[in-house]
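Labels below follow one simple rule: chain letters A, B, ... track the order of the sequence lines, proteins then strands, and each chain is numbered from 1.
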There are 2 protein chains.
Amino acid sequence: MQMTKIDHGSRNCMRVSELLGRIGDRWTLPVVVTLNGGPLRFNAIRRAITGISQQMLTRTLRALERDGMVSRTVHPSVPPQVEYALTPLGLSLAEEAARLGRWMQTHLAEIDGHRAAFDNRTAN
Amino acid sequence: MQMTKIDHGSRNCMRVSELLGRIGDRWTLPVVVTLNGGPLRFNAIRRAITGISQQMLTRTLRALERDGMVSRTVHPSVPPQVEYALTPLGLSLAEEAARLGRWMQTHLAEIDGHRAAFDNRTAN
DNA sequence: CGGCATCCTAGCCGATACTG
DNA sequence: CAGTATCGGCTAGGATGCCG
């Protein structure tokens, strides 16, 4: 059952790329990292993440909730309180993200160097 | 020098997110994975990746070249041949991608389950 | 063969205003 | 406090055509 050719079309390769696109969007990673410090309420997350709009936070949290990465708990008080927390799955993702982060830190200077050199080469 | 608060604004957190967005785009990962099997010419890559347009392959390869992930070698023949190969940096990225892929394989069913359940819940 | 230029569309995301 | 609704800009990416 060996694969000599890579099947990008009908198998999970696409799914990986898709998920990477999801967590690679502007806000998902910041939200996950923030929640990695512990459960937080909506506006607490909002305050923790500089520059995020209310709507984008809502959307990002919905998407993460849909994927089972975060749990949403409503405390029926007045005014209502909603608490968000990472699920085990979300925590697992956070670890992978941290690993990616470490890789980035390691190679960031190298990449920047290549970019500068390339831009220099092409901007004749 | 401890960080009690996460700085999403001015530090590398943003850069990580940015790079994740780059490799999370539609074609970067497929290209890297394809080249992981060895150097290939332009149209060979094109054939290996179902559905990619010529322009998107060009753009993806340029971006990867700019970041120092792939090397571009022109063989001055008629017709001209251009060979692309992963650099050590690109190979390193491919390994990280493979790790991400494994994580996905592991959790894909779980995520799909959550999605289905969520959609069911909300599509009342 | 490899690659750039152009046009066009769909979707992401921000800003703003409104609701329970 | 925690959302939803609406508008509009920006850009990723597809289709097509031309060039060395």
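- Protein atom CE of A:M56 is 18 Å distant from nucleotide atom P of D:dA2, rounded to whole Å.
- Shortest non-hydrogen contact noted between B:R66 and A:D119 is NH1-OD2, 2.5 Å.
- Within the 3.5 Å criterion, the main-chain N or O of B:E83 finds no donor-acceptor partner in the side chain of B:R72.
- Atom CE in B:M56 sits 10.5 Å away from atom CG in B:L61 (nearest 0.5 Å).
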* To do: Dump the intermediate steps for salt bridge (Lys or Arg N to Asp or Glu O under 4.0 Å) on B:E95 and A:R99, then the final yes or no.
  => CA-CA 12 Å; B:E95 282 168 31; A:R99 167 175 286 275; over 6 Å; no
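- For B:R26 and D:dG14, the shortest distance from a side-chain N or O to OP1 or OP2 is below 4.0 Å.
- Per the geometry, CD1 belonging to B:I49 stands 15 Å off C1' belonging to D:dG13, to the nearest Å.
- Looking at which nucleotide of DNA chain C each of A:R59 and B:R59 is closest to, the 5′-most match is held by B:R59.
- For A:R46 (side chain) and A:I52 (main-chain N/O), a donor-acceptor pair under 3.5 Å exists by modelled atom type.
- Helix-axis bend for the helix from C:dC1-D:dG20 to C:dG20-D:dC1: the local axis fitted to the five terminal pairs at one end deviates from that at the other end by 40°, rounded to 10°.
- Close to C:dG14, at under 4.0 Å from its OP1 or OP2, lies a side-chain N or O of A:W27.
- A salt bridge is absent between A:R59 and A:E65: the closest approach of a Lys/Arg side-chain nitrogen to an acidic carboxylate oxygen does not fall below 4.0 angstrom.
- The distance between atom CG of A:L57 and atom P of D:dA2, rounded to the nearest whole Å, is 10 Å.
- Between the side chain of B:D67 and the backbone N or O of B:M69 there is no donor-acceptor pair closer than 3.5 Å.
- The CG-C1' distance, from A:D25 to D:dT11, rounds to 15 Å in whole Å.
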Using the 3.5 Å cut-off, write out each protein N or O paired with an N or O of nucleotides 1-5 of chain C and the distance between them.
| residue | atom | partner | partner atom | Å |
| --- | --- | --- | --- | --- |
| C:dC1 | O3' | B:R41 | NH2 | 3.1 |
| C:dG2 | OP1 | B:R41 | NE | 3.1 |
| C:dG2 | OP1 | B:R41 | NH2 | 3.3 |
| C:dG2 | OP2 | B:N43 | N | 2.9 |
| C:dG2 | OP2 | B:N43 | ND2 | 2.5 |
| C:dG3 | OP1 | B:R62 | NH2 | 3.3 |
| C:dG3 | OP1 | B:R72 | NE | 2.8 |
| C:dG3 | OP1 | B:R72 | NH2 | 2.3 |
| C:dG3 | OP1 | B:Y84 | OH | 3.1 |
| C:dG3 | OP2 | B:Y84 | OH | 2.8 |
| C:dG3 | N7 | B:Q54 | OE1 | 3.1 |
| C:dG3 | N7 | B:Q54 | NE2 | 2.5 |
| C:dG3 | O6 | B:Q54 | OE1 | 3.1 |
| C:dA5 | N7 | B:Q55 | NE2 | 3.4 |
| C:dA5 | N6 | B:Q55 | NE2 | 3.0 |

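- The hydrophobic cluster containing A:V82 does not contain B:F118, counting ILVMFWY residues as joined when their side-chain heavy atoms lie under 4.5 angstrom apart, directly or transitively.
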